[in-house]
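In this text the structure is predicted, and so the values were computed from the model without any measurement.
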Amino acid sequence: MTYPWYLGETLVATAASHDLTAFTNLAKRNFEVIMNTHSQSATVKKLRLASLVSLISRAAYRAGG
């Protein structure tokens, strides 16, 4: 399961702008969407969280932070 390409790009752009509040809010909002999706199993939620963590890490790396 992968995220849409634009989420990764949005995370990178937000990280590159060095706006920690916006970056944190974007990550938090995506985390809340994952956790509040009641139609998915716990395993799928874990996979989506792992993907989100990967996107956040790559965004910080690509932004030089």
Handout entry: Check: Ser54 side chain, Ala50 main-chain N or O, donor-acceptor pair, under 3.5 Å
Key =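 No, because the side chain of Ser54 does not come within donor-acceptor range (under 3.5 Å) of the backbone of Ala50.
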Practice task
Taking Lys45 for its side chain and Thr37 for its backbone only, find out whether a donor-acceptor pair lies under 3.5 Å.
Solution key: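 Present.
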Taking atom [atom1] of [X] and atom [atom2] of [Y], what is their separation to the nearest 0.5 Å?
{"X": "Arg48", "Y": "Leu55", "atom1": "CZ", "atom2": "CG", "value": "11.5 Å"}
{"X": "Phe31", "Y": "Leu52", "atom1": "CZ", "atom2": "CG", "value": "9.0 Å"}
{"X": "Asn30", "Y": "Glu32", "atom1": "CG", "atom2": "CD", "value": "9.5 Å"}
{"X": "Ile56", "Y": "Thr14", "atom1": "CD1", "atom2": "OG1", "value": "11.0 Å"}

Practice task
Show your reasoning for whether side chain to side chain contact (heavy atoms under 4.5 Å, CB included) applies to Leu49 and Lys46.
Solution key: CA-CA 5 Å; Leu49 283 175; Lys46 288 177 187 176; 5.6 Å; no
Exercise for the section: Taking all heavy atoms of Ala63 and all of Val12, pick out the closest pair and write down the distance. Expected result: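 Smallest interatomic distance, heavy atoms only, reads CB-O, 4.2 Å.
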Exercise for the section: Could you check if a side-chain atom of Val53 sits within less than 4.5 angstrom of a side-chain atom of Ser57, using non-hydrogen atoms only? Expected result: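 The answer is yes; the side chains approach within 4.5 Å.
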Listing, residues 19-28 side-chain donor-acceptor contacts under 3.5 Å, not counting sequence neighbours, or none:
unit_1, atom_1, unit_2, atom_2, d
Asp19, OD1, Thr21, N, 3.4
Asp19, OD1, Ala22, N, 3.2
Thr24, OG1, Leu20, O, 2.8
Asn25, ND2, Thr21, O, 3.3

